[in-house]
2 protein chains.
Amino acid sequence: MSSDDSFRPAVRGLLTERIARQLENDIREGTLAADTKLPSERELAQRFGASRNVVREVLRRLEAQDLIDVQPGRGSFVTARGTRSPFGTERPTVRQLIEARIPIEVEIAGLAAQRAGAAEIAVITQAHQRVLDAPDAAAKARADLTFHEALAAASGNPVLRVMLSSIGGPMFEMMLRSNSDPAIAEPGVPHHAEILDAIIHHDAPKARSHMHEHLALGLRTYGADLDVSLDVMATRHLDQLLKQV
Amino acid sequence: MSSDDSFRPAVRGLLTERIARQLENDIREGTLAADTKLPSERELAQRFGASRNVVREVLRRLEAQDLIDVQPGRGSFVTARGTRSPFGTERPTVRQLIEARIPIEVEIAGLAAQRAGAAEIAVITQAHQRVLDAPDAAAKARADLTFHEALAAASGNPVLRVMLSSIGGPMFEMMLRSNSDPAIAEPGVPHHAEILDAIIHHDAPKARSHMHEHLALGLRTYGADLDVSLDVMATRHLDQLLKQV
DNA sequence: TGGTCCAACTGGTACTACCAGTTGGACCAG
DNA sequence: CTGGTCCAACTGGTAGTACCAGTTGGACCA
């Protein structure tokens with residue numbers, strides 16, 4: 001596993017590889033800004049001293065990575081997504097995260113109450129227990145996230161699950177902060193059990209209301225941190241944890 | 001607009017698209033198991049009735065997605081992690097997509113009505129106009145997606161925007177199908193205008209109810225396709241488009 | 001039996017040709 | 001001058017051919 005990596009020469013498609021890397025770097029580093037029009041395939045071929053075939057295959061690869069957008073008759077254009085993170089330059093705040101989680105997670109809770117079978121309930125119960133048993137804030141945050149993901153899985157709707165997992169990063173940052181601060185964490189302790197109970201009894205309205213309460217709680221307990229961006233808060237929080245050690 | 005005569009080949013790279021989808025499906029569904037050797041490029045070209053160029057570009061795309069491993073002098077092999085995707089092995093259906101879109105997009109519409117300023121409204125209006133002006137189903141689907149993304153941006157909540165964009169692929173597939181079928185597309189035509197109007201007048205309840213109606217409409221018009229997985233439907237639809245050409 | 005070697009594969013690259021869509025400017029009618 | 005039409009020069013999409021450099025397996029010989 002470790003040794004045979006050196007055997008693999010990686011010289012495959014040297015030309016293609018070289019051109020692809022160069023264009024990829026130019027896009028990711030911003031040398032080619034978003035919405036820039038790339039030279040035509042024929043011109044790129046000439047410029048790189050390669051055939052048009054090679055250039056086209058490189059463009060296919062960049063296209064599959066969502067770095068460029070190829071339009072017949074017009075040309076190839078650098079995609080906006082190429083240079084930015086999912087959130088771009090925007091830093092979501094705690095308030096925005098809660099605001100977004102409420103509609104989707106309330107729906108998830110309701111559907112999970114309607115549809116969860118024994119297997120799904122077992123997974124949720126296990127995650128719930130792991131939250132209770134977690135020895136520290138980080139483990140608690142991980143288990144907390146798992147709990148909510150298990151609910152999404154139990155909703156029986158993979159689209160909801162994917163949407164929730166797309167914001168797993170910010171959710172984890174928030175949970176890390178929540179579970180480190182007793183003033184925030186403790187009022188929410190009974191909520192998980194109540195949600196789980198409603199799901200076990202297939203009481204969708206109750207599951208929805210408990211989930212709503214669980215999430216909206218943060219709006220009251222976070223105080224001044226409500227409108228602080230999540231990553232700033234996480235950084236500050238980590239600094240604080242480091243000092244304690 | 002008549003459904004048959006005025007229709008033009010709407011999708012970019014139809015041939016490439018079709019072959020890529022078929023191979024991708026075969027790999028993800030396990031018809032082509034892991035470590036299976038694909039036929040040679042020349043044979044694939046003959047089998048699909050395409051040129052070797054086209055096949056090679058498809059292979060590049062699959063390679064960029066980590067679905068296959070191409071080795072010079074030997075052949076192309078299906079990667080073990082072939083079945084990996086945001087959705088895993090689950091294939092979301094139209095019904096599941098609608099079910100998931102309703103809570104989040106209703107919330108988006110309501111917030112957009114509360115918060116959209118002149119700039120956001122201008123962007124939404126422009127997207128709305130592009131939907132109306134689109135010459136074919138593919139352009140209409142692209143503009144349709146842009147419209148909904150513009151609403152998400154106008155909600156002022158980047159978390160909602162990220163969640164929505166995480167399901168942009170399935171949404172586009174559904175829109176492509178919707179906008180190709182007058183029986184599905186036409187009843188929904190007035191909805192965009194109604195939503196836009198509610199946002200302009202900052203009428204959040206009306207924006208929410210119109211969005212709900214807009215999305216729920218599909219539950220009535222899709223008929224038997226409601227429980228067909230989106231990618232199967234998209235593949236079928238592309239085949240149909242190809243026959244018309 | 002063991003080795004050499006060659007023919008038939010494989011993908012990598014190049015070049016040419018033609019099609020269909022897009023675009024911008026020339027040109028013409030008002 | 002204005003508005004439209006139209007054409008030429010682009011763009012990417014596809015097809016076909018040719019040749020190179022690796023890989024592979026079997027024929028063949030020592």
Side-chain angles (χ1 to χ4, degrees), chain A residues 4 7-23 32 35-64 67-79, chain B residues 6-23 32 35-64 67-79 130 133-140 142-143 238 241-242 244-245:
Chain A
D4 59 4
F7 280 132
R8 191 165 165 72
V11 290
R12 190 189 82 72
L14 246 185
L15 233 188
T16 309
E17 195 70 18
R18 196 185 108 240
I19 298 177
R21 280 187 181 282
Q22 166 141 9
L23 284 177
L32 293 171
D35 289 332
T36 306
K37 181 178 179 301
L38 290 182
S40 74
E41 295 178 352
R42 290 167 176 86
E43 187 178 343
L44 281 175
Q46 193 180 2
R47 195 175 296 186
F48 284 114
S51 77
R52 200 180 147 207
N53 273 350
V54 173
V55 170
R56 281 182 60 81
E57 295 186 6
V58 168
L59 294 185
R60 279 279 167 272
R61 169 169 157 181
L62 298 179
E63 194 183 20
L67 289 175
I68 63 172
D69 181 25
V70 181
Q71 303 179 24
R74 303 197 55 230
S76 305
F77 301 84
V78 175
T79 299
Chain B
S6 62
F7 192 82
R8 293 180 298 169
V11 181
R12 189 188 82 71
L14 260 182
L15 232 190
T16 310
E17 192 71 19
R18 188 183 130 246
I19 298 177
R21 274 188 176 280
Q22 166 137 13
L23 285 177
L32 293 170
D35 290 333
T36 307
K37 181 178 179 301
L38 290 182
S40 74
E41 296 178 351
R42 291 168 176 84
E43 187 178 342
L44 282 175
Q46 195 181 1
R47 192 176 297 187
F48 284 116
S51 76
R52 197 181 150 208
N53 273 347
V54 172
V55 170
R56 282 182 59 81
E57 295 188 5
V58 167
L59 294 184
R60 280 280 164 271
R61 171 168 154 181
L62 297 180
E63 192 184 21
L67 289 175
I68 63 172
D69 182 25
V70 181
Q71 302 179 24
R74 302 197 56 229
S76 305
F77 301 83
V78 176
T79 300
R130 276 183 52 214
D133 295 342
D136 56 60
K140 208 174 274 286
R142 275 196 298 273
L238 279 174
L241 288 184
L242 272 181
Q244 294 178 2
V245 176

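In what follows, every chain begins at residue 1, and chains take the letters A, B, ... in the order their sequences are listed. All values below were derived from every heavy atom in this structure, side-chain atoms included, with hydrogens, water molecules and symmetry-related copies excluded.
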Problem - Residue-phosphate contact under 4.0 Å: B/Thr16 side-chain N/O, D/dT14 OP1/OP2 - result: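 For D/dT14, OP1/OP2 do have a side-chain N/O of B/Thr16 under 4.0 Å.
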Exercise for the section: Would you indicate, yes or no, if D/dC10 has its OP1 or OP2 atom less than 4.0 angstrom from a side-chain nitrogen or oxygen of A/Arg74? Expected result: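 No.
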Check whether any side-chain heavy atom of [X] sits under 4.5 Å from a side-chain heavy atom of [Y], and report yes or no.
| X | Y | result |
| --- | --- | --- |
| A/Leu62 | A/Val70 | no |
| B/Arg18 | B/Leu15 | yes |
| A/Asn53 | B/Arg56 | no |
| B/Arg42 | B/Arg52 | yes |

Nearest-Å distance, [atom1] ([X]) to [atom2] ([N])?
| X | N | atom1 | atom2 | answer |
| --- | --- | --- | --- | --- |
| B/Gln46 | C/dC9 | CD | P | 13 Å |
| A/Arg56 | D/dA15 | CZ | C1' | 11 Å |
| B/Ile19 | D/dT14 | CD1 | C1' | 10 Å |
| B/Leu38 | C/dT10 | CG | C1' | 13 Å |
| A/Leu44 | D/dT11 | CG | C1' | 12 Å |
| B/Lys37 | D/dG25 | NZ | C1' | 14 Å |
| A/Gln71 | C/dT22 | CD | C1' | 10 Å |
| B/Asp69 | D/dT23 | CG | P | 14 Å |

Can you measure from [atom1] ([X]) to [atom2] ([Y]) and round to the nearest 0.5 angstrom?
| X | Y | atom1 | atom2 | value |
| --- | --- | --- | --- | --- |
| A/Leu67 | A/Leu38 | CG | CG | 10.5 Å |
| B/Phe77 | B/Asp69 | CZ | CG | 8.0 Å |
| A/Leu32 | A/Ser76 | CG | OG | 11.5 Å |

Exercise for the section: Sort by first number and list every stem of DNA chain D: at least 3 consecutive Watson-Crick or G-U wobble pairs, both distances under 3.5 Å. Expected result: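 Stem list for DNA chain D: C:1-30 with D:1-30.
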Exercise for the section: Carefully, step by step, assess B/Glu57 and B/Arg61 under the rule salt bridge (charged side-chain N to carboxylate O under 4.0 Å, His left out). Expected result: CA-CA 6 Å; B/Glu57 295 188 5; B/Arg61 171 168 154 181; over 6 Å; no
Under-3.5 Å N/O pairs linking protein and nucleotides 14-19 of chain C:
{"residue": "C/dA14", "atom": "OP2", "partner": "A/Ser51", "partner atom": "N", "Å": "2.7"}
{"residue": "C/dA14", "atom": "OP2", "partner": "A/Ser51", "partner atom": "OG", "Å": "3.4"}
{"residue": "C/dA14", "atom": "N7", "partner": "A/Asn53", "partner atom": "ND2", "Å": "3.2"}
{"residue": "C/dA14", "atom": "N6", "partner": "A/Asn53", "partner atom": "ND2", "Å": "3.4"}
{"residue": "C/dC15", "atom": "N4", "partner": "A/Asn53", "partner atom": "ND2", "Å": "2.9"}

Handout entry: Listed partners of A/Arg74 passing salt bridge (charged side-chain N to carboxylate O under 4.0 Å, His left out), at least two apart
Key =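 For A/Arg74, no residue satisfies salt bridge (charged side-chain N to carboxylate O under 4.0 Å, His left out) once neighbours in sequence are set aside.
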